[in-house]
Visitor: 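The structure's right below; bear with me while I get my questions together.
Treat the numbers as computed from the prediction; the structure is a model and nothing was measured. Below, chains carry the letters A, B, ... as their sequence lines are ordered, and counting in each starts from 1.
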2 protein chains.
Amino acid sequence: MKFSAQEEYGLRCLIQIGLKGSATIPEISRDEGLSEHHTAKLLSILRKERFLNSTRGHIGGYRLARAPEKIVVGEVLAALGGRLYDEEFCERHSGLLSTCAHSGSCAVKSLWSEVQAAVDHVVSHITLADLIANAQKEAEQLYKPRNGALLSIPVASGT
Amino acid sequence: MKFSAQEEYGLRCLIQIGLKGSATIPEISRDEGLSEHHTAKLLSILRKERFLNSTRGHIGGYRLARAPEKIVVGEVLAALGGRLYDEEFCERHSGLLSTCAHSGSCAVKSLWSEVQAAVDHVVSHITLADLIANAQKEAEQLYKPRNGALLSIPVASGT
DNA sequence: AAGAATCATGACGATTATGTCATGAATGTC
DNA sequence: GACATTCATGACATAATCGTCATGATTCTT
């Protein structure tokens with residue numbers, strides 16, 4: 001059971017755009033350490049799935065398609081990486097047979113459903129707004145080291 | 001987020017062996033509709049992970065390494081398909097950078113941990129014995145249609 | 001209208017997961 | 001000890017995922 005790379009990177013990009021209000025591919029690319037092409041592909045998926053709107057041309061870029069409170073993380077993950085257990089799951093895992101050896105319900109199927117339900121319970125109650133809020137807190141942390149002193153910005157001399 | 005094929009098939013094989021007490025590769029292969037080679041590979045993984053013991057030669061085969069009550073489904077899944085979120089996760093997803101753009105804690109990381117915890121809560125409380133019990137019930141169901149009547153074999157009438 | 005900035009798209013190559021195959025080794029029976 | 005039965009292992013082929021790349025389209029500024 002794994003998260004896909006697309007889920008990880010796609011969600012990060014979405015958070016980043018939420019944080020900044022709007023952003024271009026080169027910006028997100030820099031922020032997240034991805035190639036521009038890769039970023040473009042991810043954002044394009046998120047756009048097709050209607051989490052982002054895009055505008056081309058000068059002063060273009062991406063912004064969220066709705067308020068972050070209305071973007072449920074579970075839906076984003078499903079769009080980026082599919083669901084853990086869906087209707088076609090059994091068909092895909094019938095081995096050499098045309099239909100799964102365990103007709104109707106099977107012991108494993110009900111386990112998968114339980115796991116899926118547990119995951120859903122978490123991700124359907126978290127919105128992008130929550131993740132953005134977390135990310136903001138963390139950004140603040142960077143400027144507040146444990147000892148509480150303010151970070152002094154190093155001054156480049158002689159340039 | 002997906003279950004891997006190995007998790008699905010491996011777990012099924014384990015249940016099947018639990019049901020039968022002991023079984024050979026050709027048997028499991030038939031029961032689950034997998035090729036013998038494929039079955040051999042799966043069982044061999046389960047053996048290396050110490051969920052199964054094997055004996056070679058005539059009257060050999062596989063059996064559970066411990067009582068099914070002692071085999072936690074979460075551990076089986078981790079062995080077959082890894083964990084959703086582990087220590088190396090961030091290293092694997094640092095994009096072009098040598099280390100993840102989000103040093104220390106990040107918004108996504110804490111989400112993954114929550115999801116992982118929810119999954120763990122389910123799978124760490126289910127043992128192979130539970131799945132075997134379910135599988136047994138289902139096998140019985142096949143012989144008990146909903147109306148409770150005994151199955152009468154339909155007789156082709158002269159129409 | 002020219003040019004710069006920006007997104008759009010589909011094809012391609014690389015990497016990883018999946019499943020197959022050939023060969024070998026152990027065990028029990030006769 | 002020859003043989004049938006069974007597991008063991010590593011190399012290989014195939015398929016899915018992941019990420020790159022080339023090219024094109026749209027929009028704004030001047």
Visitor: Using a cut-off of 6.0 Å, state whether more than 12 heavy atoms not belonging to B:Arg50 lie near its atom CZ.
Guide: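 Open: at most 12 neighbouring heavy atoms sit under 6.0 Å from CZ of B:Arg50.
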Visitor: Compare all side-chain heavy atoms of B:Val73 with those of A:Leu111 and state whether any distance is below 4.5 angstrom.
Guide: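 Sidechains of A:Leu111 and B:Val73: in contact.
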Visitor: Separation of B:Leu42 atom CG from C:dT20 atom P, in whole Å?
Guide: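 To the nearest whole Å, that distance equals 10 Å.
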Visitor: Counting only heavy atoms not in A:Arg63, do more than 12 fall under 6.0 Å of its CZ?
Guide: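 No, the 6.0 Å shell around CZ holds no more than 12 heavy atoms from other groups.
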Visitor: Rounded to whole Å, please give me the gap between NE2 in B:His37 and C1' in D:dA8.
Guide: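 Distance check: B:His37 NE2 to D:dA8 C1' gives 12 Å.
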Visitor: A:Glu27 CD to C:dA5 P: how many Å, rounded?
Guide: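 After rounding, the reported distance stands at 14 Å.
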Visitor: Fit a plane to each ring of A:Phe3 and B:Trp112, take the angle between them on a 0 to 90° scale, and name the class: parallel (under 30°), tilted (30 to 60°) or perpendicular (over 60°).
Guide: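 Plane angle under 30°, so parallel.
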Visitor: Consider only side-chain N and O atoms of A:Ser4 and A:Glu7, and report whether a donor and an acceptor are under 3.5 Å apart.
Guide: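 Checked: A:Ser4/A:Glu7 side chains pair up, N/O donor to acceptor below 3.5 Å.
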Visitor: Round to a whole Å and report the spacing from CD of A:Glu36 to C1' of C:dA5.
Guide: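 Nearest whole value for this atom pair: 11 Å.
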Visitor: Using a cut-off of under 3.5 Å, enumerate the N/O to N/O pairs linking the protein to nucleotides 2-7 of chain D.
Guide:
residue : atom : partner : partner atom : Å
D:dT6   : O4'  : B:Gly57 : O            : 3.4
D:dC7   : OP1  : B:Ile25 : N            : 3.3
D:dC7   : OP2  : B:Ile25 : N            : 3.3
D:dC7   : O3'  : B:Ser54 : OG           : 3.2
D:dC7   : O2   : B:Arg56 : NH1          : 3.1

Visitor: Here's a test of your reading of the structure: between A:Lys41 and B:Gln6, which maps to the more 5' nucleotide of DNA chain C?
Guide: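 Closest to the 5' end, via its nearest nucleotide, is A:Lys41.
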Visitor: For B:Ser44, report the nucleic acid contact type (base, sugar-phosphate, nothing); a contact means any heavy atom under 4.0 Å.
Guide: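 Nothing, no heavy atom under 4.0 Å.
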Visitor: Between B:His93 and B:Lys48, which is nearer to the 5' end of DNA chain D once each is assigned its nearest nucleotide?
Guide: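 That would be B:Lys48.
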Visitor: In whole Å, I'd like the distance from the CG atom of B:Leu96 to the P atom of D:dC21.
Guide: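 My rounded result for the distance is 10 Å.
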Visitor: B:His38 has an atom NE2; how far is it from atom P of C:dA17, in whole Å?
Guide: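 The distance from NE2 of B:His38 to P of C:dA17 comes to 14 Å, rounded to the nearest Å.
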Visitor: How close or far is atom P of C:dG19 from atom CZ of B:Arg12, stated in whole angstroms?
Guide: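 So the two atoms are 11 Å apart, to the nearest Å.
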Visitor: Scan for side-chain hydrogen bond (donor to acceptor under 3.5 Å, both in side chains) pairs involving residues 71-86 of chain A, sequence neighbours excluded, and state none if there are none.
Guide: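 Listed once each, the pairs are A:Arg83-A:Asp120.
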Visitor: Measure CZ/B:Arg92 against C1'/C:dT15 and give the value in whole Å, please.
Guide: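 Those two atoms, CZ and C1', are 14 Å apart.
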Visitor: Does A:His37 have any ring-ring contact (aromatic ring centres under 6.0 Å, His included) partners at least two apart in sequence or in another chain, and if so, which?
Guide: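 None.
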Visitor: Which part of the nucleic acid does B:Ile45 contact within heavy-atom distance under 4.0 Å: base, sugar-phosphate only, or nothing?
Guide: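 No contact.
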